[in-house]
Number of protein chains: 2
Amino acid sequence: MSIKDEVSDKYSLRGRVYNRIREDILDGRYNNNDELKEIAIGEELGVSRTPVREAFRQLELEGLISIIPNKGAYVTGITVKDVKDIYMIRSKLEGLAARWAVDNITPEQMEEMEENIYLSEFHAGKNHTDQIAELDNRFHEIIYEACNSKMLENQLREYHEYVLRVRRKTLSKSGRSTKSTEEHKMIMEAIKSGDRDLAEKTANDHVINAYENMVKNGLYEAYPSDEKRNGDKNGQD
Amino acid sequence: MSIKDEVSDKYSLRGRVYNRIREDILDGRYNNNDELKEIAIGEELGVSRTPVREAFRQLELEGLISIIPNKGAYVTGITVKDVKDIYMIRSKLEGLAARWAVDNITPEQMEEMEENIYLSEFHAGKNHTDQIAELDNRFHEIIYEACNSKMLENQLREYHEYVLRVRRKTLSKSGRSTKSTEEHKMIMEAIKSGDRDLAEKTANDHVINAYENMVKNGLYEAYPSDEKRNGDKNGQD
DNA sequence: CCATGAATAATTGTATACAATTATACGAAA
DNA sequence: TTTCGTATAATTGTATACAATTATTCATGG
């Protein structure tokens with residue numbers, strides 16, 4: 001499938017341009033629908049249009065910008081509904097990853113997971129939001145690695161980018177971190193005990209809980225720009 | 001996320017190069033690890049290196065080729081395990097799509113679905129493999145459209161490319177088409193009756209059955225080139 | 001014969017030049 | 001004033017030129 005490691009190539013000009021624009025978008029330094037001009041970006045980074053254009057093509061495929069032929073490249077926003085869909089999809093895929101991790105996790109990965117949770121419990125008690133966010137990311141990364149599927153791993157990483165993007169816009173209110181760590185612990189214990197069904201289910205639920213918490217804490221305020229089209233009606237679950 | 005419609009741009013040189021190489025790869029006209037030279041491809045299509053390079057960058061992100069900096073672009077193969085993982089992931093996502101379709105399918109889409117199944121039953125009885133394959137694709141497309149999620153739709157389409165790729169290598173032995181149509185019918189009826197859980201479950205099972213059928217009919221002969229690394233052990237389900 | 005390494009060729013990476021398309025400015029007519 | 005159309009500028013699309021890197025050839029020495 002896709003992404004990331006193949007692209008990196010951090011030491012070519014194109015790679016640097018790609019990473020730079022990508023970061024800027026994910027960090028919210030552009031607004032939705034901002035136009036990216038090849039020359040302007042090239043001058044800013046001291047390169048010609050060629051590597052910029054190539055970077056654009058990749059960013060387009062990744063969905064971070066959209067290119068209209070002969071017109072320009074525009075930063076693409078994601079809607080409230082997109083965010084919801086991503087979380088629902090992630091719920092399923094994280095469940096699958098946790099299930100597969102049961103059979104494939106290494107002792108070292110298991111160890112890191114336990115340590116991760118131990119540290120999380122500490123920081124959750126003190127509201128160290130940066131450390132908590134970092135540990136949270138890492139917990140999921142461990143599962144991605146442990147599931148032993150390059151396909152699934154790549155897919156989940158790709159979605160994770162979007163999560164980071166959203167997280168930057170929604171404040172991380174307290175309360176969640178403790179509960180989140182508890183959920184991580186449940187997933188970990190299910191994996192450790194070899195219970196595939198339980199691992200899958202707890203991971204499913206964890207992602208959905210994270211989503212619901214985000215909604216409560218103002219997702220809709222952070223992303224007011226939903227499209228009108230058919231409305232947001234795939235929701236009853 | 002990704003893919004396809006944004007890329008198309010069929011009337012630019014880059015778009016034509018992209019589509020051409022893409023088709024060639026998916027149609028199996030290249031072997032695994034074949035090297036793609038910018039100049040050679042450019043001359044073949046009568047264009048310069050610039051649009052070829054841009055097309056390469058997109059194909060790389062799509063996973064169809066892999067670019068090694070300063071060396072070249074190589075057609076990437078997928079392994080037996082990759083195929084399996086894709087089907088397992090698809091099982092979950094098709095289930096989700098069917099679930100969402102319950103709440104979002106339009107009368108027109110429902111009608112097309114019923115017609116699709118009616119025709120499939122006819123052709124399945126006569127072993128019209130081409131028509132059956134076409135109808136099968138279309139059945140899934142309808143669900144993708146009906147789920148009303150651009151995110152999920154794009155994702156499933158991307159995976160579908162891989163399925164087509166595999167299908168071209170594995171012979172479609174008889175027997176399956178009748179059973180497949182029956183399964184489509186079950187999905188359709190679940191959607192029609194508004195039973196979300198059933199729709200999800202029947203779609204889940206359908207994809208897994210398709211996979212198991214493929215294994216029986218020689219997937220492992222068609223894709224002998226699995227990597228050795230950690231072996232294929234995430235399998236007990 | 002094989003191994004080594006320098007010279008050469010081939011190929012990719014980047015910059016620039018030119019063509020095609022789209023956006024903008026501005027004046028004339030209603 | 002507003003609207004329309006043309007001229008101009010700005011921007012993207014493509015081709016080509018040059019630089020940097022990698023592959024190949026082939027002579028030399030062991």
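If you're wondering where the values come from, they're calculated on a predicted model, not measured in any experiment. Proteins come first, then strands; the chains are lettered A, B, ... in the order of their sequence lines, and each starts at number 1.
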What integer distance in Å separates [X]:[atom1] from [N]:[atom2]?
{"X": "Leu13(B)", "N": "dT21(C)", "atom1": "CG", "atom2": "C1'", "value": "14 Å"}
{"X": "Ile67(A)", "N": "dT11(D)", "atom1": "CD1", "atom2": "P", "value": "16 Å"}
{"X": "Arg16(B)", "N": "dT14(D)", "atom1": "CZ", "atom2": "C1'", "value": "12 Å"}
{"X": "Tyr18(A)", "N": "dG13(C)", "atom1": "OH", "atom2": "P", "value": "16 Å"}
{"X": "Glu54(B)", "N": "dG13(C)", "atom1": "CD", "atom2": "C1'", "value": "14 Å"}
{"X": "Phe56(B)", "N": "dT14(C)", "atom1": "CZ", "atom2": "P", "value": "15 Å"}

Gap separating the [atom1] atom of [X] from the [atom2] atom of [Y], nearest 0.5 angstrom:
{"X": "Thr106(B)", "Y": "Ile142(B)", "atom1": "OG1", "atom2": "CD1", "answer": "9.5 Å"}
{"X": "Glu112(A)", "Y": "Gln109(A)", "atom1": "CD", "atom2": "CD", "answer": "8.0 Å"}
{"X": "Ser180(B)", "Y": "Phe139(B)", "atom1": "OG", "atom2": "CZ", "answer": "8.5 Å"}
{"X": "Thr76(A)", "Y": "Asp34(A)", "atom1": "OG1", "atom2": "CG", "answer": "11.5 Å"}

Nearest-nucleotide 5' precedence on DNA chain C, Pro69(A) against Arg53(B) =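 The residue mapped nearer the 5' terminus is Arg53(B).
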
Close residues, residues 38-46 of chain A, relative to DNA chain D [heavy-atom separation under 4.0 Å] =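 Output list: Glu38(A).
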
Which listed nucleotide (dT22(C), dT14(D), dT14(C)) is nearest to the side chain of Pro51(A)?
->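 The listed nucleotide nearest to Pro51(A)'s side chain is dT14(C).
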
State which of dG13(C), dT11(D), dG13(D) makes the closest approach to the side chain of Lys37(A).
->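 Of dG13(C), dT11(D), dG13(D), dT11(D) is nearest to the side chain of Lys37(A).
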
So what does Ile68(A) hit on the nucleic acid, given a heavy-atom distance under 4.0 Å: a base, only sugar-phosphate, or nothing?
->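 Ile68(A): no heavy atom of the nucleic acid under 4.0 Å.
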
Using the six-membered ring wherever Trp is involved, compare the ring planes of His140(A) and His160(A) and label them parallel, tilted or perpendicular (cut-offs 30° and 60°).
->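 Taking His160(A) first and then His140(A), their aromatic rings sit tilted (interplane angle of 30° to 60°).
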
Take the angle between the ring planes of His184(B) and His206(B) and call it parallel below 30°, perpendicular above 60°, tilted in between.
->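 The arrangement is perpendicular - the two ring planes meet at more than 60°.
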
Within-4.5 Å side-chain heavy-atom neighbours: Glu54(A) and Tyr18(A) |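 Side-chain contact under 4.5 Å: no.
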
Does atom CD of Glu35(B) have more than 12 heavy-atom neighbours from other groups under 6.0 Å away?
->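 Above 12, so yes.
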
Which pairs, protein N/O on one side and nucleotides 16-20 of chain C N/O on the other, fall under 3.5 Å?
| unit_1 | atom_1 | unit_2 | atom_2 | d |
| --- | --- | --- | --- | --- |
| dT16(C) | O4 | Thr50(A) | OG1 | 3.4 |

Using only side-chain N and O atoms of Arg14(A), determine if any of them is under 4.0 Å from OP1 or OP2 of dA15(C).
->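 Indeed not, no polar side-chain atom of Arg14(A) lies that close.
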
Cation over ring face, Arg90(A) and Tyr87(A), 6.0 Å, 45° =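 Ring-cation test returns yes.
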
